[in-house]
Amino acid sequence: MPRYPAPPNAPAKVRVVTLRIDGQDIGAREDESVLDVAAEHDIRIPTLCYLDGLSTWGGCRMCMVEIAGSPKLLPACSTQVAEGMEITTNSDKLKNYRRMILELLFAERNHVCSVCVSNGHCDLQDLAVECGMDFVRVPYRNAPYEIDSSHDLFRVDHNRCVLCTRCVRVCDEIEGAHTWDIMGRGVECQVITDLNTPWGESDSCTGCGKCVQVCPTGALVKKGTAAGEMEKRDDFLPYLTQMRGNR
Amino acid sequence: MSLEELQKIAAAAKVKAESYEHHVHVCMAASCQSCGAADIKTQLTETVKENGAEADIWVKGVGCMGLCSAGPLVRVESPADESEYLYQKVGTEDVSELYASIDGNPVERMRCQTEIPFFARQQKIVLENSGRIDPEQIDDYIAEGGYTSLVRALTGMSPQEVLREVSDSGLRGRGGGGYPAGLKWATVARSPAPVKYVICNADEGDPGAFMDRAVLESDPHRILEGMALAAYAVGAEYGYIYIRAEYPLAVERLKKAIRQATRHGFLGRQICETPFSFEIEIRLGAGAFVCGEETALISSIEGQRGQPSPRPPYPADEGLWDCPTLINNVETLANVPAIVREGGEWFQSIGTEKSTGTKVFALAGRIAHTGLIEVPMGITLREIIEEIGGGIPEGRKFKAVQTGGPSGGCLPEENLDMPVEYDTLRAAGSIMGSGGMIVMDETSSMVDVARYFMDFCMTESCGKCVPCRAGTFQMHGLLTKIARGEATAADLQLLEELCDVVRDTSLCGLGQTAPNPVVSTLRYFRHEYEEKLKTDSTDLEIVAS
């Protein structure tokens with residue numbers, strides 16, 4: 001099967017476009033995403049599955065923004081900027097939608113903050129505070145999920161997983177092991193190691209712990225942490241990808 | 001293969017056909033086969049052999065004749081006296097009687113009237129050979145003018161001319177979205193990339209829809225010719241047919257058709273002694289509905305998990321293995337040979353201004369004639385249901401018609417006089433969809449209907465994006481609660497809010513359209529929801545606050 005050859009390295013000249021985000025006039029490179037440009041100008045757009053240094057997934061739908069002239073809402077993480085765009089990131093409608101998405105996430109699995117090792121250091125919790133989600137109107141699913149403690153150093157608690165696939169992506173793209181993946185469909189989806197073998201028995205896992213550090217919630221944690229003790233560090237990622245890109 | 005050689009094959013096939021006094025066509029599509037059509041054909045062939053009439057009577061397996069509810073169907077044609085009798089619900093015990101009637105009077109007890117509107121009101125383009133030719137014989141297809149469009153295009157037209165015919169025809173995607181085919185083709189054709197692909201989307205998954213299956217089973221060469229023409233127009237050399245594994249008969253016939261077409265030189269290297277080469281490979285879907293969505297379909301072909309990815313980039317720019325890829329539905333591609341043969345203007349004259357041509361519908365549900373029909377666009381729903389479909393059986397009253405499967409909506413009586421077009425259907429809260437049409441009578445509960453489709457979307461959600469994965473689950477839960485009579489007005493309000501969130505924030509078409517059955521039933525049959533709500537004092541307070 002012939003493959004289309006990869007395009008030569010980024011073109012020497014990238015056009016600069018002007019656009020407007022929340023009323024602020026901004027100039028940006030044409031090849032940047034709305035999310036990157038907004039972050040550069042200190043305009044906060046909530047995200048959950050997005051992580052600087054990993055490929056864009058576009059699954060959490062928290063970063064949806066309104067673009068004048070487009071009938072649909074678009075995800076800021078996977079929408080490129082264009083000349084003359086007028087973007088709204090925090091209308092009442094968007095705020096409502098974000099709150100509802102968080103409610104759906106909280107009701108989907110068993111996110112019990114008070115006993116969670118990530119309590120106080122959790123992206124999901126922070127988002128709920130930021131978006132003012134103080135009450136879940138939809139009924140909780142209360143589905144039983146297992147905890148896999150078979151690994152020597154780490155533990156996976158599916159009760160806390162939001163299926164952002166950061167672990168899948170970091171393992172595949174950065175570590176190169178592709179230990180993690182997803183199985184099942186719809187609400188039955190679950191992250192798995194290898195072909196759904198216990199993590200401790202995984203042949204491909206190198207034990208590097210990158211998945212634990214990028215996990216936004218208390219789903220992947222270091223063993224031996226008590227409630228509120230699990231702090232994560234994902235700031236190594238952009239440096240790592242940049243260093244590799246320069247090589 | 002030149003035009004003369006093609007005509008020679010066609011002439012030989014005609015001579016063969018004319019040498020028989022009687023033609024007996026037995027429907028060998030999946031629906032009739034499930035009621036024993038294969039046995040009937042075997043027995044008929046044996047009876048003919050026993051009586052030494054092989055030279056006079058030609059027993060031929062053909063594709064779908066349309067009236068699936070009356071299967072197995074057998075048609076006896078006698079070209080000499082121009083008689084044609086269609087028999088319905090034929091059993092193996094009827095074979096000897098049927099054989100005896102070929103030379104004598106027709107068997108009245110099994111006869112199916114062909115003057116009824118079901119047959120008379122149809123206009124066939126996609127299904128023109130369906131039920132007439134043997135889908136397993138390439139010569140049969142050639143005899144009906146098959147592959148002439150391809151040979152003519154390759155030897156006498158430039159790719160741009162083929163593209164222009166398709167653009168002029170106004171053909172719109174028949175898979176559901178209704179995107180103009182000419183525009184899609186032009187985008188792929190414009191790209192300077194050295195490698196491009198053509199994909200035929202045969203992952204038909206809407207409940208109650210079987211249009212693509214019938215086309216693939218009845219006239220597989222038509223799809224190959226359509227794909228080859230598309231490949232020529234856009235500059236692709238490689239094609240895939242992505243077909244669901246639940247259609248084993250269609251897969252088998254496609255494989256056979258690809259082998260025959262390659263042997264005849266319609267596929268492969270240097271087709272018709274021109275520099276144009278085109279090969280087709282079949283890929284089987286493993287039963288995920290979402291793989292009908294084009295980006296998920298591409299992931300699946302690539303060997304990845306069948307999950308959609310954000311568009312743009314559109315497949316026409318960056319598709320299969322990052323190459324420009326043209327994805328068209330089975331029915332869209334089946335129209336192409338006819339468009340190239342008769343010209344875009346001819347196609348444009350059929351149907352309405354914005355929705356040209358014909359559309360194949362699979363009629364199902366509470367309707368007298370269940371089956372496959374092809375009608376010009378712009379026909380009213382009333383004509384389809386009451387005339388062609390024969391109305392609602394058992395004297396019941398019509399209540400709603402569901403078009404477009406789980407992405408579509410339910411339309412009530414007052415919309416029946418609306419013309420069937422992409423835009424009018426959308427304005428009324430439904431969609432054209434791929435062509436499923438389910439008729440419901442007064443005994444159907446619209447809450448149950450909405451719940452059924454939500455159950456479908458919930459189990460078929462791939463789980464990638466939150467609103468579709470968790471939202472459809474919650475909506476299904478709320479609909480179940482309403483159906484059981486346990487819900488309150490606050491639940492209904494929450495359901496409506498969820499509809500908005502799931503529609504506006506989901507990643508792909510499956511999620512974005514999943515609320516449609518709920519939204520449309522709420523729009524036209526809101527009282528049915530409200531009748532089921534609990535109204536005790538505490539709930540009223542919540543609503544008031």
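So that the names make sense, note that chain A is the first sequence line, chain B the second, and so on, each numbered from 1.
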Max heavy-atom pair count under 4.5 Å with chain B, selected residue of A:Arg137, A:Glu188, A:Glu103 = A:Arg137
With a 4.5 angstrom heavy-atom cut-off, could you sort out which part of A:Pro139 is near chain B: side chain, backbone, both or neither?
-> both
Only one of A:Glu83, A:Glu32, A:Glu30 clears salt bridge (charged side-chain N to carboxylate O under 4.0 Å, His left out) with A:Arg15; which?
-> A:Glu30
Heaviest contributor of heavy-atom pairs below 4.5 Å to chain A, chosen from B:Leu498, B:Leu320, B:Val466, is B:Val466
When A:Lys93, A:Met100, A:Gln80, A:Lys72 are compared by non-hydrogen pairs under 4.5 Å with chain B, the top option = A:Met100
Looking at A:Gly186, A:Cys49, A:Cys77, A:Gly58, which one has more heavy-atom pairs under 4.5 Å with chain B than the rest?
-> A:Gly186
Highest number of heavy-atom pairs under 4.5 Å with chain A: which of B:Leu478, B:Asp500, B:Asp504?
-> B:Asp504
Over 12 foreign heavy atoms within 6.0 Å of CD, B:Glu302 = yes
Could you go through the side chain to side chain contact (heavy atoms under 4.5 Å, CB included) check for B:Val501 and A:Met64 one step at a time?
-> CA-CA 11 Å; B:Val501 174; A:Met64 300 302 278; over 6 Å; no
Distance only, no hydrogens: is a donor on one side chain within 3.5 Å (strictly under) of an acceptor on the other, for A:Thr217 and A:Ser118?
-> no
Heavy-atom contact with chain A under 4.5 Å, split by part of B:Gln307 | side chain
Is the shortest side-chain N to carboxylate O distance from A:Glu130 to A:Arg44 below 4.0 Å?
-> yes
What part of B:Pro310 gets closer than 4.5 Å to chain A, counting heavy atoms only: side chain, backbone, both or neither?
-> side chain
Would you say the side-chain atoms of B:Arg503 pair up with the backbone N or O of B:Thr513, donor to acceptor, closer than 3.5 Å?
-> no
Where the side chain of B:Thr480 meets the backbone of B:His476, is there a donor-acceptor pair that is under 3.5 Å apart?
-> yes
Using non-hydrogen atoms and a 4.5 Å limit, figure out which bit of B:Ser309 sits close to chain A: side chain, backbone, both or neither.
-> neither
Are B:Lys481 and B:Asp491 ion-paired here, with the side-chain N under 4.0 Å from a carboxylate O?
-> yes
Donor-acceptor contact below 3.5 Å, side chain A:Ser91 vs main chain A:Leu94 = yes
Just checking heavy atoms, which of residues 450-465 of chain B are less than 4.5 Å from chain A?
-> B:Met458, B:Thr459, B:Glu460, B:Ser461, B:Cys462, B:Gly463, B:Lys464, B:Cys465
Applying a strict 4.5 Å limit to non-hydrogen atoms, the region of A:Ile182 in contact with chain B is both
Is the backbone N or O of A:Thr197 less than 3.5 Å from a side-chain atom of A:Thr193, with the two atoms forming a donor-acceptor pair by type?
-> yes
State whether the number of non-hydrogen atoms from other residues, nucleotides or ligands found under 6.0 Å of B:Arg426 atom CZ is greater than 12.
-> no
Name the member of A:Pro75, A:Gly184, A:Pro71 that forms the most heavy-atom pairs with chain B at distances under 4.5 Å.
-> A:Gly184
